[in-house]
There are 2 protein chains.
Amino acid sequence: MDSFKNTADSSTEEKIKAAARTVFHKKGFAASRTRDIAEEAGINLALLNYYFRSKEKLFVLVMIETLTEFFGSVSVIINNPETTFEEKIEQFAAGYIDLIFREPDIPLFIMSEIRNNPEQLLQKVDIRNTVFNSVFMQQFTEAMQQGKIKDQNFLHFMMNFVGLIVFPFIGKPLLKAISGLTEEQFNMLIEERKKLIPVWIKAMMN
Amino acid sequence: MDSFKNTADSSTEEKIKAAARTVFHKKGFAASRTRDIAEEAGINLALLNYYFRSKEKLFVLVMIETLTEFFGSVSVIINNPETTFEEKIEQFAAGYIDLIFREPDIPLFIMSEIRNNPEQLLQKVDIRNTVFNSVFMQQFTEAMQQGKIKDQNFLHFMMNFVGLIVFPFIGKPLLKAISGLTEEQFNMLIEERKKLIPVWIKAMMN
DNA sequence: AATATTTTTAATCGTTTGATTAATTTTTTA
DNA sequence: TAAAAAATTAATCAAACGATTAAAAATATT
């Protein structure tokens, strides 16, 4: 039977996974030490291997969970049959910015780690269908056929849209260094973008 | 006197630096082994320390050169007093895309490495003045005062502009994996953006 | 309560990695 | 050409690191 301290987030296994998440997200796989993770989790180093066998297996687990969270959360928005194309754009921008606000290390983490073995990591999470069979894409195509937006490549559109959302977080250290922005000022700037990005994107499409 | 084989790019020192550039750019500091660099350069491992003292000193050197190249090359464009604001936008987009085409690993390299110690690395290259005291920014301000473009934040504008250019390269592994694009198709898509980005940016500004 | 199972710890192993050393080869200087 | 200096190599060191082991502690089972 489960004892009180052995459930949910308080279990040792979850503590290690959460710590691994934090450390991996911040430093990446290569720069993360299993000892860092153990210390962050407040457990003995051997326990990490007891529960997860190896650093790499633990990493893959974290990566899958991260990708699932990161792409799963949009899936709900872009596949909602109740909302219009324009509404999706607004919800997508605001929802994604909120998500990244909570976990600002994720974008750079995903981009830099996937570069090493892209297919091996990505095949475990089906992102392709999430995006290309989405209601969002159907509505994009319809809008184009009806002449509501210019004739354009969906890939360009997605690159632009996601780029406008994600890039400031990836470039944050650089931006702060060259602009002298404080953390609070940066956050305010990003907050503004929730409303601005949909406006910009619509301007680009027409 | 200089012997033939001890000049310019053929010198051992330059061979090591070039190899370090390649390896660091592709894998980042933490995942790069000094032995990898030595092998890439075709030299004995000890020579690396003989010329550069340590892995970290070699890295800082590569980083400074990379930043200088990456931000210096724009400096010429955005400070040219002979070109208009619109011309600068076109040249900036095309020039930067060409630069990154030649060295596609640089953006992700800079972003991920700077995250660790931003100020320490960035203080060695004065990017701030390059951007904020540029003719480009003056022309942006003038255009706004003259009502040629909407009232807007220069930081948003720069984030958007640079993001549109750089983000596809950062997200390349992800994009290729989820879209199934070949290398050639990806390159063609990017090539299109040289002309499209100025159009988009202008649409966003008005 | 006694036994079995699971969880946790301290100690340590073997490998990798950055760096050094001492010897050798090559180049420069005198 | 001989001596000095610089460049290069093989061997090795010490620390860091991922992983394992054997014992101890905690929990579950009977």
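Residue numbers begin at 1 in each chain, while the letters A, B, ... track the order of the sequences. Note that these values count all heavy atoms, side chains included, but never hydrogens, waters or copies made by symmetry.
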Checklist entry - When the distance from CG of Asp36(A) to P of dA19(D) is rounded to whole Å, what number comes out? => result 14 Å
Checklist outcome for this item: Separation of dA7(D) atom P from Phe52(B) atom CZ, nearest Å, is 12 Å
Checklist entry - Is the phosphate of dT8(C), meaning OP1 or OP2, less than 4.0 Å from a side-chain N or O of Thr12(A)? => result yes
Next on the checklist: Base, sugar-phosphate or nothing for Tyr51(A)? Non-hydrogen atoms, less than 4.0 Å.
Outcome noted: sugar-phosphate
Next on the checklist: Please enumerate all residues that pass side chain to side chain contact (heavy atoms under 4.5 Å, CB included) together with Ser32(A), with sequence neighbours excluded.
Outcome noted: Val23(A), Phe24(A), Lys27(A)
Next on the checklist: Run the ring-ring contact (aromatic ring centres under 6.0 Å, His included) test against Phe186(A) and tell me which residues pass, sequence neighbours left out.
Outcome noted: none
Item to check | Atom-to-atom span, NZ of Lys57(A) to C1' of dT20(D) - whole angstrom | outcome: 15 Å
Checklist entry - Considering residues at least two apart in sequence or located in another chain, which fulfil the side chain to side chain contact (heavy atoms under 4.5 Å, CB included) criterion with Leu61(A)? => result Lys17(A), Phe52(A)
Item to check | Any residue meeting salt bridge (Lys or Arg N to Asp or Glu O under 4.0 Å) with Arg21(A), in chain and number order, not counting sequence neighbours | outcome: Glu69(A), Glu103(A)
Next on the checklist: How many whole angstroms separate atom CD of Glu13(B) from atom P of dA6(D)?
Outcome noted: 14 Å
Identify all pairs in which a protein N or O lies below 3.5 Å from an N or O of nucleotides 14-21 of chain C, and state each distance.
from	atom 1	to	atom 2	distance (Å)
dT17(C)	OP1	Arg33(B)	NE	2.7
dG18(C)	OP1	Ser32(B)	O	3.3
dG18(C)	OP1	Lys55(B)	NZ	3.1
dG18(C)	OP2	Thr34(B)	N	2.9
dG18(C)	OP2	Thr34(B)	OG1	2.9
dG18(C)	N7	Arg35(B)	NH1	2.8
dG18(C)	O6	Arg35(B)	NH2	3.3
dA19(C)	OP2	Lys55(B)	N	2.6

Checklist entry - What integer distance in Å separates Leu47(A):CG from dA19(D):P? => result 15 Å
Checklist entry - Partners of Lys202(A) by salt bridge (Lys or Arg N to Asp or Glu O under 4.0 Å), sequence neighbours excluded? => result Glu86(A), Glu90(A)
Checklist entry - Which whole-number value in Å describes the distance from Ile43(B) CD1 to dT26(C) C1'? => result 17 Å
Checklist entry - Can we say Arg33(B) and Glu39(B) salt-bridge, meaning some charged N sits less than 4.0 Å from an Asp/Glu carboxylate O? => result no
